[in-house]
Amino acid sequence: MTAPTKPPHNGPANSPSVSPLGETAGDLHAPVIDWFEEHARDLPWRRPEAGPWGVMVSEFMLQQTPVNRVLPVYEQWLARWPRPADLAADAPGEAVRAWGRLGYPRRALRLHGAAVAITERHDGDVPTDHAQLLALPGIGEYTAAAVASFAYGQRHAVLDTNVRRVFARAVTGVQYPPNATTAAERRLARALLPDDEHTASRWAAASMELGALICTAKNETCQRCPIAAQCAWRLAGKPDHEGPPRRGQTYAGTDRQVRGRLLAVLREAHAPVPQSALDRMWHEPVQRARALDGLVADGLVEPLPGGLYRLPLA
DNA sequence: CATTCGTGGTC
DNA sequence: TGACCAAGAAT
C-alpha cells in the first residue's frame with residue numbers, strides 16, 4: 001500500500017495532465033486494497049493451505065462459472081486429487097465425471113492435461129513462471145497471470161471480466177468494456193499496476209473482488225464503492241452503454257445443449273452406454289450425430305466397438 | 001477478430 | 001419470461 005503522493009500540478013482536478021494515469025493509479029490502489037482487506041470473501045482457494053494447485057484448480061473452474069457453483073466441486077476435487085500427480089494418474093474421464101455440471105467440460109479435460117504436463121515437465125509442481133503456465137493446456141493470458149499473482153505473489157496485470165468492467169467505469173468512464181479485450185485495456189491494466197510486487201498482487205485480487213461484489217454488471221452498488229468519488233463513469237452521470245449490443249448467448253436447441261445432454265448420460269453411467277441410450281436424448285438425428293462426433297473429436301467421449309460409448313480412459 | 005463451448009441463477 | 005450474465009480458452 002504505497003501512499004500515493006499527488007504530483008505537483010496546479011490545474012483543476014480533471015484537467016489533462018502530462019501523465020494521465022499518474023493521479024488515477026495512485027488514488028485507486030489504497031482505497032480498493034483497504035476495502036478488500038475488510039470485505040474480501042473467505043474463499044477456500046484464498047486460504048494459505050490451498051497452495052498453487054488449489055489456486056490453479058479454482059481458476060479453471062471459475063472460467064465462466066459462478067463462485068457459488070464452483071465451491072462444492074472444488075472441495076471434492078482437491079480432496080480426491082490433492083496434488084497434480086494424483087489427477088494425472090487417474091483417467092481423464094474421471095476428471096470429466098467429477099466436473100459434474102460446472103459446464104464447458106473441456107475444461108476438465110484440459111485441467112487433467114495440465115496435471116499430466118506438470119507431472120512430466122515440472123516435477124509435479126505448478127510452475128511459477130508465467131510463460132510456463134501459459135504453455136499448459138487450458139491456461140490463457142488471464143489464468144497464467146492469475147496463478148502467478150495469487151499463488152506466487154508475482155506482479156502481473158490480471159485482466160478478467162470483473163477488472164475490465166471496473167477499469168471501464170472508474171477510469172474510462174463507460175458502463176461496459178468492449179466485447180473483446182483490446183490492446184488499450186492491456187496497456188491501461190499495466191499502467192495501473194503498482195510497482196511493488198506484493199502490492200500488485202493485492203491490487204489484482206482487490207480490483208477483481210470489487211468488480212465481483214460492488215461494481216457488478218447490473219445493479220452496481222456505488223454507495224458501498226471505495227472509489228465512487230473518483231469513478232469517471234459515476235461522475236459523468238452513469239451514461240448508458242453505447243455501441244454494438246453485447247452478444248447474447250442463446251442455448252436452447254444448440255449443439256451445446258445436445259452435447260450437454262449426451263455427456264450427462266455418460267457421466268452418470270459407470271459402464272459403456274449403447275448408442276440407443278444416447279439417441280433417446282435428442283430427436284433430431286443429424287444434430288445428434290454432429291454433437292456426438294464433436295464430443296468424440298474433443299476427446300470427451302470414447303467410442304468402443306459395438307456402438308458403445310464411455311468417458312475416456314486415456 | 002468472431003465463434004464455439006454448458007449450465008443455472010437472476011430480474 | 002426470456003435475455004443477460006458468470007475469475008476464458010482455443011481456433
Side-chain angles (χ1 to χ4, degrees), chain A residues 36 40-41 43-46 50 54-74 96 99-111 113-114 133-151 156-166 175-183 185 189 201 204-213 215-220 241 244-267 281 287 290-291 293-295 297-301:
Chain A
F36 182 65
R41 291 167 292 180
L43 300 170
W45 44 86
R46 286 180 178 163
V55 171
M56 181 172 147
V57 169
S58 79
E59 290 302 335
F60 270 76
M61 292 183 172
L62 288 164
Q63 291 168 3
Q64 299 287 282
T65 303
V67 166
N68 290 330
R69 227 179 321 150
V70 164
L71 283 169
V73 182
Y74 171 87
V96 173
W99 197 255
R101 307 188 66 80
L102 287 183
Y104 293 147
R106 291 188 295 191
R107 290 181 294 165
L109 226 42
R110 291 172 184 150
L111 180 52
L133 287 165
L134 198 55
L136 297 173
I139 295 193
E141 183 56 43
Y142 161 76
T143 303
V147 172
S149 180
F150 301 155
H156 292 282
V158 180
L159 201 54
D160 80 320
T161 185
N162 290 305
V163 175
R164 294 181 62 214
R165 189 174 51 248
V166 168
Q175 187 176 22
Y176 296 118
N179 262 329
T181 306
T182 63
E185 287 182 276
S201 69
S207 54
M208 193 175 310
E209 189 79 338
L210 186 66
L213 296 184
C215 194
T216 47
K218 293 187 299 187
N219 301 324
E220 67 281 356
H241 177 73
R246 292 134 74 243
R247 69 179 184 288
Q249 355 170 335
T250 52
Y251 179 62
T254 61
D255 286 5
R256 286 152 81 178
Q257 183 182 23
V258 185
R259 287 167 55 109
R261 286 202 187 183
L262 298 181
L263 200 59
V265 171
L266 297 171
R267 250 192 269 115
M281 302 310 297
Q287 189 180 25
R290 186 171 65 230
D293 285 349
L295 289 170
D298 287 346
L300 284 163
V301 171

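Within every chain, numbering begins at 1; the chains are lettered A, B, ... in the order of the sequence lines, protein sequences first and strands thereafter.
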Answer with base, sugar-phosphate or nothing: what part of the nucleic acid does [X] contact at a heavy-atom distance below 4.0 Å?
{"X": "A/Leu43", "answer": "base"}
{"X": "A/Trp45", "answer": "base"}
{"X": "A/Ser58", "answer": "nothing"}
{"X": "A/Arg165", "answer": "sugar-phosphate"}
{"X": "A/Ala217", "answer": "sugar-phosphate"}
{"X": "A/Thr216", "answer": "nothing"}

Checking the side chain of [X] only, and the main-chain atoms of [Y] only, is there a donor and an acceptor separated by less than 3.5 Å?
{"X": "A/Arg165", "Y": "A/Cys215", "value": "yes"}
{"X": "A/Arg261", "Y": "A/Met281", "value": "yes"}
{"X": "A/Arg46", "Y": "A/Arg41", "value": "yes"}

Looking only at atom [atom1], what distance separates [N] and [M], rounded to whole Å?
{"N": "B/dG8", "M": "C/dA10", "atom1": "P", "answer": "24 Å"}
{"N": "C/dA6", "M": "B/dC1", "atom1": "C1'", "answer": "23 Å"}
{"N": "C/dC5", "M": "B/dC5", "atom1": "C1'", "answer": "16 Å"}
{"N": "C/dT1", "M": "B/dG6", "atom1": "P", "answer": "28 Å"}
{"N": "B/dG9", "M": "C/dA9", "atom1": "C1'", "answer": "24 Å"}

message = Which residues pass the side chain to side chain contact (heavy atoms under 4.5 Å, CB included) test with A/Ser58, not counting sequence neighbours?
response = A/Trp45, A/Leu62, A/Tyr74

request  = Just jot down the side chain to side chain contact (heavy atoms under 4.5 Å, CB included) partners of A/Ala291, sequence neighbours excluded, or say none.
outcome  = A/Val258, A/Arg259, A/Leu262

message = Need to verify one output field. Residue with the more 5' nearest nucleotide on DNA chain C, A/Val67 or A/Leu134?
response = A/Val67

key: DNA chain C: 5'-proximal contact among A/Tyr176 and A/Arg107 (nearest heavy atom)   = A/Tyr176

Kindly write out the residues that satisfy side-chain hydrogen bond (donor to acceptor under 3.5 Å, both in side chains) with [X], not counting sequence neighbours, or none if the list is empty.
{"X": "A/Gln175", "result": "none"}
{"X": "A/Arg256", "result": "A/Tyr104"}
{"X": "A/Thr65", "result": "A/Arg107"}
{"X": "A/Arg101", "result": "none"}

Sequence-distant partners of A/Tyr176, ring pair (Phe, Tyr, Trp, His ring centres under 6.0 Å), two or more places apart = A/His241

Polar atom pairs (N or O), protein with nucleotides 7-11 of chain B, under 3.5 Å:
unit_1 : atom_1 : unit_2   : atom_2 : d
B/dT7  : OP1    : A/Arg267 : NH2    : 2.9
B/dT7  : OP2    : A/Tyr251 : OH     : 3.3
B/dT7  : O2     : A/Arg69  : NH1    : 3.0
B/dT7  : O2     : A/Arg69  : NH2    : 2.9
B/dG8  : OP1    : A/Arg101 : NE     : 2.3
B/dG8  : OP2    : A/Arg101 : NH2    : 3.2

key: Protein-nucleotide distance (A/Asn179, atom CG; B/dT4, atom P), rounded to Å   = 14 Å

remark   = Separation of B/dG6 atom P from A/Gln63 atom CD, nearest Å, is 13 Å

message = I'd like the 5' and 3' limits of the part of DNA chain C contacted by chain A, with heavy-atom contacts below 4.0 Å.
response = C/dC4 to C/dA10

